[in-house]
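Below, chain A is the first sequence line, B the second, and so on; all start at residue 1. Note that the structure is a prediction, hence the values are computed from the model and not measured.
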Amino acid sequence: MTSPSGQPGRNFQAPRGTRDFYPIEMARRLWLEDKWRRTATRHGFDEISGPTFEHLDLYTVKSGEGIVSELFSFSRQGGETSYALRPEFTPTLARMVASKANALPKPIKWHSIGPYFRAERPQRGRLREFTQWNVDVLGDPSPEADAEVIACCADSLRLMGLTDEHVSIRINHRGLFSEILRENGVPSDRHEAVFVLLDQAGKLERADFLAAARKLDLPESLMLWFGGEIEASVDSSGELRQKLMKESSLAFEYFRRLEPLRDSLEELGVSKRMVLQSALIVRGLAYYTGAVFEVHETGGKERAIAGGGRYDNLVELFGGPPTPAVGFAMGDVVIALVLQDKGLMPSDDAIARDLGLAPDVFVFACDEAADLYLRPMLAHLRRAGLHARRTYKTTRNEGKLFGEANKSGARFVLKLMPGLEAQLKDMGAQGGASEPLGPEASVEALAAAVQKRIPAS
RNA sequence: GCGGCCGUAGCUCAGUUGGUUAGAGCACCUGGUUGUGGUCCAGGGGGUCGGGGGUUCGAGUCCCCUCGGUCGCCCCA
């Protein structure tokens with residue numbers, strides 16, 4: 001709690017923005033990763049991984065030199081090469097795809113879970129080291145591919161217990177949006193500025209937003225639409241959006257062209273009530289070319305839970321063949337906050353059960369004679385594939401020992417007695433009696449009798 | 001990079017207008033309740049009051065600096 005540099009005798013502490021994962025925290029993290037992994041697997045995504053640091057250039061190529069101040073970058077003592085801890089996965093993914101593109105069957109459906117690093121000031125929902133799940137489809141330009149990644153994202157949320165009451169998926173489409181702008185006389189060199197403005201719209205008063213929009217010399221028909229977007233963005237019922245589509249022919253036309261994506265989502269089982277269209281979702285300025293989307297909690301209080309979109313020319317940028325691509329990322333920090341806020345984070349017991357981490361059997365000996373075969377018994381149970389734990393206490397107080405067993409979450413308690421006899425109690429049955437076992441001819445035989453009575457978890 | 005708030009045991013906190021060896025609950029450890037599930041009883045370990053400097057006879061209490069946490073701004077891949 002004192003010196004960050006750790007002089008002799010001083011306390012060390014974890015670096016700013018990083019976390020220590022004690023067993024409880026680690027179990028929660030594993031639980032979350034388990035939800036991600038299971039969802040991705042069900043949806044047919046293969047898991048991949050890459051280095052946690054890359055050449056610094058990999059990031060400046062895509063994001064410009066300005067990105068460097070946001071990275072943890074370094075070079076070896078005396079070395080010339082600059083590296084950076086990875087702040088995101090997409091460049092690594094693009095690199096991996098680019099170098100094997102022609103050998104890979106299409107579509108490429110990959111996902112990845114791992115740590116990422118950003119040299120920013122920590123704040124709510126944002127740390128310097130975090131875990132992120134990336135899901136991508138490459139080689140398929142269709143709206144169906146967009147829908148596939150969004151559906152995978154939605155399914156992971158459902159697996160965590162989140163419904164359309166808790167979260168919404170807000171979708172937009174840069175390509176279609178640009179089309180509409182062009183058709184209404186906004187030259188393409190001004191589109192970027194429009195995106196920037198829409199991105200900031202959430203933070204501006206309606207009047208300020210409209211004033212800024214006028215400066216961009218946008219036609220009145222667009223102004224009507226954008227003004228309506230500001231209002232609709234704070235409306236969770238969707239009524240204002242319906243009204244907007246009636247009043248503005250442009251909004252109507254735009255949302256009509258998004259219909260194929262909406263239809264695909266519905267086919268894939270994504271609740272229509274969870275999907276919102278919004279021209280205000282822009283996703284920074286980076287590399288998105290088509291559909292973009294973000295997941296937000298319905299209260300709108302937290303940062304985006306997940307975000308992604310289509311990036312059709314990124315693989316080419318990294319030296320590969322032209323490859324259409326779409327994907328998203330979800331970090332562990334915001335989703336954990338949302339689950340906590342909504343009371344959906346399972347109890348520690350439930351997590352242990354869910355992950356199969358609870359002991360199958362908790363063993364103790366009732367006296368010194370039984371102590372003699374406690375350890376061989378553990379060995380046999382473990383060899384038989386059971387998760388077996390023992391007490392390390394010296395007390396023979398069975399009240400305390402059962403209390404300890406209970407706290408460990410063990411399904412059964414095995415009490416060893418002299419003469420290779422034992423009692424086995426099912427902790428799931430409140431107040432139930434113990435079943436007597438033995439005497440047997442050997443520890444192994446007694447262990448086999450125990451194993452026979454413990455069903456696979 | 002900038003700003004607000006905060007910093008006493010592992011956790012949540014109490015510590016009177018600055019005044020003797022800094023407290024409680026929970027958690028942890030030990031023993032007892034001769035015992036089959038978070039009971040009860042007794043005991044114990046653990047804090048240089050984030051760190052440094054200053055004011056003072058005397059500082060957890062006041063002042064300055066610093067480190068850290070937290071929330072926000074910028075940014076958000």
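- Note on A/Arg303: a base of the nucleic acid sits closer than 4.0 angstrom, heavy atoms only.
- Scanning for salt bridge (charged side-chain N to carboxylate O under 4.0 Å, His left out) contacts around A/Arg29 gives A/Glu33, with sequence neighbours left out.
- Counting only distance, with no hydrogens or angles, the side chain of A/Tyr116 and the backbone of A/Arg128 share no donor-acceptor pair below 3.5 Å.
- With both ends at atom P, the span from B/rC67 to B/rG25 equals 38 Å, rounded to whole Å.
- Nucleic acid contact class of A/Glu404 (heavy atoms, under 4.0 Å, all strands): none.
- A/Ser434 comes within 4.0 angstrom of a base, heavy atoms only.
- Evaluation of the salt bridge (charged side-chain N to carboxylate O under 4.0 Å, His left out) rule for A/Asp57 yields no partner, not counting sequence neighbours.
- B/rU12 and B/rG47 have their C1' atoms separated by 16 Å, given to the nearest Å.
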Using nucleotides 26-31 of chain B, report all nitrogen or oxygen pairs with the protein that are shorter than 3.5 Å.
unit_1 : atom_1 : unit_2   : atom_2 : d
B/rC28 : OP1    : A/Lys407 : NZ     : 2.7
B/rC29 : OP1    : A/Lys393 : NZ     : 3.4
B/rG31 : OP1    : A/Thr394 : OG1    : 3.0

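- If you take CE on A/Met96 and CH2 on A/Trp110, they are separated by 5.0 Å, rounding to the nearest 0.5 Å.
- Residue-level contact check: A/Gly17 touches the backbone only, with heavy atoms under 4.0 Å from sugar-phosphate atoms and none from bases.
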Under 3.5 Å between N/O atoms: give me all the protein pairs with nucleotides 1-4 of chain B, atom names plus distance.
unit_1 : atom_1 : unit_2   : atom_2 : d
B/rC2  : N4     : A/Arg121 : NH1    : 2.5
B/rG3  : O6     : A/Arg121 : NH2    : 3.4

Watson-Crick and G-U pairing of RNA chain B written in dot-bracket, each distance under 3.5 angstrom, with | for inter-strand partners: (((((((..((((.....[...)))).(((((.......))))).....(((((..]....))))))))))))....
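- Separation of the C1' atoms belonging to B/rG7 and B/rG60 is 12 Å when rounded to the nearest angstrom.
- Counting any heavy atom pair closer than 4.0 Å across all strands shown, A/Ile67 reaches a base atom.
- Residues from residues 336-364 of chain A lying near RNA chain B, meaning a heavy-atom separation below 4.0 Å, are absent.
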